Each structure stands twice: as structure tokens, then as C-alpha cells.
Amino acid sequence: MDNQSVARILSEIAQLMEIKGENRFKVRAFENAARSVESLSEDLEALAARGELNSLAGVGKSLAADIEALLTTGSCDVHRDLLDELDPGLLDMLRIQGLGPKRIKVIYETLGVSNLSTLEAAARAQQIRALAGLGAKTEERILAEIERLSHDEGRTPLPAARAIAQSIRDKLATLSEVTKIAIAGSLRRGRETIGDIDILVASETPAPISAYLVELAEVAEVLAHGETKTSVRLVSGIQVDLRIVAPSSFGAALHYFTGSKEHHIALRTRAKRSGLKINEYGVFKENDGPAIASETEVDVFKALGLTYIPPELREGRGEIEAAAAGTLPGLVELTDIRGDVHMHTVETDGRATILEMADAARTLGYNFIVITDHSEAVRVANGMTPPRFREHIKRIREADAAYADLRLLAGIEVDILKDGSLDMEHELLADCDWVVGSIHSHFALDSKEMTQRLITAMATGLISCLGHPTGRILGGRPGYKYDLDAVLEAAVEFGVAVEINGSTGRLDFNAEHAERAHRRGAKIVLGSDAHSTRGLEDMDFAVQQARRAWLGASDVLNTLSVEDLLAAVRPTLRR
DNA sequence: GCCGTTTTCGGCCCGACTGTTTTCAGTCG
């Protein structure tokens with residue numbers, strides 16, 4: 001059984017225990033263990049084989065035994081007992097906003113309701129409002145939530161959420177009452193999908209600001225409207241939480257509102273141990289008194305004896321220990337990026353010409369770009385035949401001669417065909433500067449065939465980097481199945497870099513894959529996969545995923561000079 | 001159920017908002 005499945009069952013156990021009314025700290029022990037397993041980059045099976053399961057944070061003797069049982073038999077006693085006692089449909093009921101374990105327990109025990117459809121029937125029959133502690137409003141809310149969940153599209157991809165958030169932020173920023181404003185939450189941390197949008201405002205007069213938000217045309221529903229905290233759902237379905245604080249506590253609030261939950265729990269536990277209390281208003285001595293830090297995030301971390309932790313690292317995955325020890329890496333920044341290795345032009349499915357892309361790249365301050373149009377197999381994109389590619393290389397080289405301060409490199413995004421062969425004459429691939437090898441067809445091969453397909457392609461020695469290496473589409477299709485470690489090992493062997501593709505639908509590799517690749521010694525390169533001049537700006541998303549993978553400037557090939565970049569890959573082709 | 005730079009027992013992050021109450025429990029982030 002894989003790590004994610006074990007984590008899912010552990011968290012299911014925690015949820016069922018909560019509904020059952022178990023001790024909440026016991027519940028949290030299972031939640032903690034689920035998180036530990038989920039963020040583990042090694043195979044749980046390997047850890048178990050070495051008898052080291054209780055080296056995991058939050059896993060003691062009892063949980064180690066449960067995990068062991070899950071790994072070997074696919075189930076464990078505590079899970080089986082809970083499922084015997086409770087209906088798994090209750091877990092779906094937890095997805096309803098405003099309905100938590102306590103109320104579900106009441107509904108379950110008095111009405112026998114144990115899934116969404118019987119819940120809907122009970123609410124329609126007005127049976128919910130008759131229960132103690134529940135009323136008509138809750139009943140209406142339940143019906144509205146069931147309706148919403150029936151066509152719920154789940155979490156929003158980061159790029160789409162960021163565009164919406166920026167638009168709301170810019171509108172709020174026009175108000176004179178707003179002193180400072182920032183997007184916080186998982187958006188600021190760069191998580192690849194976003195549950196809701198968090199916006200933080202500093203102001204002395206909060207009332208007019210939240211009043212303005214609830215009146216915006218894009219607001220479909222007001223979920224909560226308090227003095228300092230307001231939540232709305234937009235017509236697009238995404239929820240926006242606005243929090244307003246005094247300017248003097250903006251830093252503490254920004255930290256608080258950026259999360260993650262795991263980061264906060266770890267940090268507050270640590271603070272408490274040294275006699276400090278931390279909340280959205282600042283860091284306090286435990287006997288209260290004025291805040292000892294609150295104005296900036298740097299102050300907050302400093303008061304806790306920590307160096308500044310960038311938002312992308314705040315996931316409760318060891319960043320606090322590293323900050324305390326002063327060993328946090330200096331993360332790569334957009335300004336470190338000297339060029340882009342993946343983009344398209346009008347030659348295939350891009351919207352801009354070579355010269356237009358070059359001009360846009362120069363505006364971004366790049367030293368180099370690689371033009372990588374599609375090969376023939378991608379017919380919908382008007383992929384190039386060998387003769388067309390030969391001409392295209394010539395045009396790129398001519399354009400290059402016209403720029404003194406920008407190197408234009410000739411490249412291609414060549415298709416890796418079903419059998420692992422490359423969709424272009426090898427001489428042309430060897431002749432151009434950079435080859436992105438990508439899969440755009442036969443996604444459904446089994447893992448063994450797909451692994452072999454990728455390795456065969458890399459073994460040609462002609463590929464500079466694997467483009468969008470998992471093929472997943474954010475919020476669309478999952479990636480193709482293959483043995484990631486075997487492919488990474490081959491990438492190292494054949495001198496092939498792996499791409500973090502920043503285009504808005506992909507973010508592929510994501511941070512977890514990139515971290516794993518880096519640890520396995522594979523080289524990482526960032527590509528915007530731009531299909532227009534605007535698309536070049538998607539490099540920003542690739543950088544953010546790299547930061548989430550704890551990568552520094554020296555861990556990313558785009559920070560090198562052209563000569564060093566080209567020398568870092570395709571070792572057998574050195575000319 | 002886990003864990004220890006005050007600990008092997010007694011703790012376990014913190015505050016805002018809502019609905020249903022008449023002072024607060026439940027939920028959420």
C-alpha cells in the first residue's frame with residue numbers, strides 16, 4: 001500500500017473518531033500521523049522494512065503497529081472497528097461547511113441520517129431544525145451546501161486563483177481606508193491548488209472596507225460579515241476571506257493569515273515552550289502585556305529566535321528547525337533567472353514571432369531564450385516536419401545575429417513517441433542547441449511501458465530536458481504512470497535535466513516531484529512553455545514551485561550562463 | 001495516542017464569527 005493511501009486511511013480514522021466523540025487529542029494523534037506519512041518523501045514500505053516507522057514525527061508504538069497492519073493487510077483493527085460502528089457516508093457529511101463532527105453526531109444519533117442523500121431528505125422534511133442546538137438557518141445552509149457540492153469543482157488551480165485574487169486586491173486597494181493590503185493564505189505559499197482566497201488589510205477603520213467587499217458585483221453570497229473578518233463566495237464559486245487588522249499588527253497578521261496550519265501548530269508549540277504566545281496580533285510574553293513583535297514578519301520570526309522563513313517553506317516540514325539552526329537555504333528568485341528554455345512561436349501553435357518573443361524576453365532582462373516549437377506528431381499544433389525544422393533553425397540563428405545582448409538558441413520540443421523514439425531526424429536534434437523531450441500521446445501505457453519509453457528516449461543522448469515530466473493537467477487529467485525513481489536515475493545517467501513547467505495549466509514537475517528529483521541528483525530547469533509574449537511571465541510560477549522544493553539559485557540551470565547551461569546537459573554531444 | 005532543554009504524567013495552538021443561546025458551543029481557518 002502506498003504512502004498516500006495509508007495517509008488517507010489514517011485521516012479517515014481521525015474523522016470517524018471525531019464523529020464518534022473520541023478524545024480530541026487522540027484524534028489529533030491520528031491527524032498528525034496522517035500528515036507525517038503524507039509528507040514523507042521515502043516509501044513507507046522501506047521505512048517499515050527497516051523497523052523505523054516510529055522515527056516518524058507523531059508515530060509511537062501504537063500507530064506504528066496500525067501503519068504496519070495497513071501496509072501488510074490493507075486494513076487495521078481500529079479502522080475496521082470504526083467502520084463496523086459508523087457509516088462511511090458520514091465522512092461525506094463533513095464536507096458540508098458549517099457541519100462538523102459534533103452536529104453530525106447529533107443528526108446521526110437522533111435521525112439515523114448517515115449520508116448526504118438521507119441528510120438532504122431530512123433537511124427538506126424540516127427535521128434538522130427540530131434538533132437541539134440546530135435551527136432553521138443551519139437547515140437552509142445544509143441544503144444550499146448539498147446543492148453546491150453537487151457541482152463542486154473542488155480546489156482552484158493556483159494561476160486562476162491568483163488572477164482572481166489580484167483583481168479583488170486591486171479593487172480594495174483603491175479605498176482610502178486601506179493602509180496596506182496583501183494576498184495571504186495558500187496562494188502566498190504557492191500551493192498548486194487553492195481552496196479559498198485570503199486577503200489581509202491593514203486599516204484603522206475596517207467597517208467601510210468589508211462593506212465594500214460584500215457589495216462587489218462578483219460576490220454571489222455573503223458567508224460571514226463581522227467587524228474584522230468577512231467571508232464571501234464569488235460567482236465563480238471560490239471563497240474569499242477578508243481580514244482587517246490595525247497597521248501595527250500587520251506583520252503578525254500576515255504571518256498568521258499565510259499559514260499553513262501545520263506551520264502554525266509547530267511554531268506555537270515551540271513558542272509556548274519558551275514562554276511565548278503567538279497570535280495574529282503579535283508575539284507576547286505569556287503573562288501578556290504589550291506585543292514584543294508584531295509590525296513585520298521579520299520581527300515575528302526574530303522574536304521567536306528564528307531567521308525569516310519564506311512563505312513557500314511554511315508547511316511544517318522542518319522549516320522551523322532549519323530556521324532555528326540557521327540552515328534554511330537561500331531560495332531561487334525570479335531575478336536570478338537568466339533565461340527561458342521552453343517556448344513556442346507562430347511556426348507551430350504560438351501566437352508571437354521569433355522576434356516578438358525575443359523582444360519580450362529582453363524586456364524581462366533575460367540573457368538567453370530557447371525557441372522550442374513542436375515536432376510533427378503534434379498535428380493539432382501544426383508540428384514541424386524535418387525540412388521545416390531545418391529552415392526554422394536557420395531563421396532562429398539569423399535572428400540571434402541581430403541581438404547583441406540576448407542569445408537566441410535553436411531548439412525544439414520533440415515528441416517522445418509510443419516506443420520511446422524521437423519524432424525528428426537525429427542529425428537535426430544534434431545540430432540544434434536544446435531539445436525538450438515531451439510526451440503528448442499514448443498517455444495510458446502501463447507503468448512498465450511508460451518507464452521504458454522515457455528511458456529509451458533519454459538514452460539517445462539527444463534530449464536536454466524532459467518537458468512537463470508527469471503530463472498532468474491541473475484540475476484536469478492526472479499524470480501518466482511510471483516509475484519516477486527509475487526515470488530520475490536514467491536522467492542522471494544520460495545527463496538529462498527535468499523541467500518545472502510553469503504554464504498555467506501544468507506546474508509540472510510540482511514542488512514534491514522537483515524536491516525528489518533534486519535529492520536524486522537530477523538537474524532542474526525551469527520553462528514557461530510560453531505560447532505568447534505574455535506567457536513568458538509564467539516563469540514566475542515555475543520559480544515559485546522551485547522555491548517550494550527548497551531549491552536555491554545554484555540548484556536551477558536557468559541561473560547559469562548560456563555556455564554553462566549547455567554544458568550541463570547532453571554530455572555525449574559535447575562539441 | 002504522543003511526547004519531553006521545567007516532564008514518563010499531564011499536558012496537547014489560537015481567536016473570530018454564527019446560530020441558538022441568554023453566556024456559549026460548534027465550526028473554521
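So you know, we letter chains A, B, ... as the sequences are listed, proteins then strands, and number each from 1. A quick note: this is a predicted structure, and the numbers were derived from the prediction, not measured.
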Closest to side chain of [X], choosing from [options]:
X      : options                : result
A/K272 : B/dC12, B/dA16, B/dT5  : B/dC12
A/R28  : B/dT20, B/dC12, B/dC2  : B/dC12
A/F25  : B/dG1, B/dT20, B/dC17  : B/dG1
A/N23  : B/dC13, B/dG1, B/dT20  : B/dG1
A/A224 : B/dC28, B/dC14, B/dC17 : B/dC17
A/Q239 : B/dG29, B/dC2, B/dT5   : B/dG29
A/P101 : B/dG15, B/dT27, B/dC17 : B/dT27
A/R273 : B/dT5, B/dC13, B/dT20  : B/dT5
A/D196 : B/dC12, B/dG15, B/dG29 : B/dG29
A/Q97  : B/dC12, B/dC28, B/dA16 : B/dC28

Next on the checklist: Please name the nucleotide paired to B/dT18 by Watson-Crick or G-U wobble geometry with both distances under 3.5 Å, or report none.
Outcome noted: B/dA25
I need the [atom1]-[atom2] distance between [X] and [N], as an integer number of Å.
X      : N      : atom1 : atom2 : value
A/K261 : B/dC28 : NZ    : C1'   : 9 Å
A/H264 : B/dC12 : NE2   : C1'   : 18 Å
A/I194 : B/dG29 : CD1   : P     : 14 Å
A/Q15  : B/dT27 : CD    : P     : 13 Å
A/E321 : B/dT5  : CD    : P     : 12 Å
A/I199 : B/dG29 : CD1   : P     : 16 Å
A/I197 : B/dC28 : CD1   : C1'   : 18 Å
A/I67  : B/dC2  : CD1   : P     : 9 Å

Applying a 4.0 Å non-hydrogen cut-off, can you work out what [X] is touching in the nucleic acid: base, sugar-phosphate, or nothing?
X      : value
A/V59  : sugar-phosphate
A/A184 : nothing
A/S231 : nothing
A/I96  : sugar-phosphate
A/R243 : sugar-phosphate

Are any of [X]'s side-chain N or O atoms less than 4.0 Å away from OP1 or OP2 of [N]?
X      : N      : answer
A/R268 : B/dC12 : no
A/T258 : B/dG29 : no
A/K277 : B/dG15 : yes
A/T269 : B/dC12 : no

Within the structure provided, determine whether [X] and [Y] are in side-chain contact (heavy-atom separation under 4.5 Å).
X      : Y      : answer
A/N510 : A/T470 : no
A/R155 : A/E192 : no
A/R191 : A/L158 : no

Checklist entry - Who passes side-chain hydrogen bond (donor to acceptor under 3.5 Å, both in side chains) against A/E280, sequence neighbours left out? => result A/R243
Pick the [atom1] atom in [N] and in [M], then give their distance to the nearest Å.
N      : M      : atom1 : answer
B/dT18 : B/dG10 : P     : 40 Å
B/dC13 : B/dG19 : C1'   : 25 Å
B/dC14 : B/dT21 : C1'   : 23 Å
B/dG26 : B/dT22 : P     : 15 Å
B/dT8  : B/dC3  : P     : 16 Å
B/dA16 : B/dT20 : P     : 22 Å
B/dT23 : B/dG15 : P     : 24 Å

Checklist entry - Aromatic rings A/H255 and A/H264: how do their planes relate, parallel, tilted or perpendicular, breaks at 30° and 60°? => result perpendicular
Next on the checklist: For A/A29 and A/R141, find the nucleotide of DNA chain B closest to each by heavy atoms; which residue's nucleotide sits nearer the 5' end?
Outcome noted: A/A29
Checklist entry - 5'-most contact on DNA chain B: A/G98 or A/L134, nearest heavy atom basis? => result A/L134
Checklist outcome for this item: The residue among A/N3, A/D2, A/I9, A/L10 that forms side chain to side chain contact (heavy atoms under 4.5 Å, CB included) with A/V6 is A/L10
Item to check | side chain to side chain donor-acceptor pair (under 3.5 Å) partner of A/H263, the single match among A/E319, A/R314, A/E315, A/R317 | outcome: A/E319
Checklist entry - Is there a donor on the side chain of A/Y256 or the base of B/dG15 sitting less than 3.5 Å from an acceptor on the other? => result no
Checklist entry - Within a radius of less than 6.0 Å around CZ of A/R534, do more than 12 heavy atoms belonging to other residues, nucleotides or ligands occur? => result yes
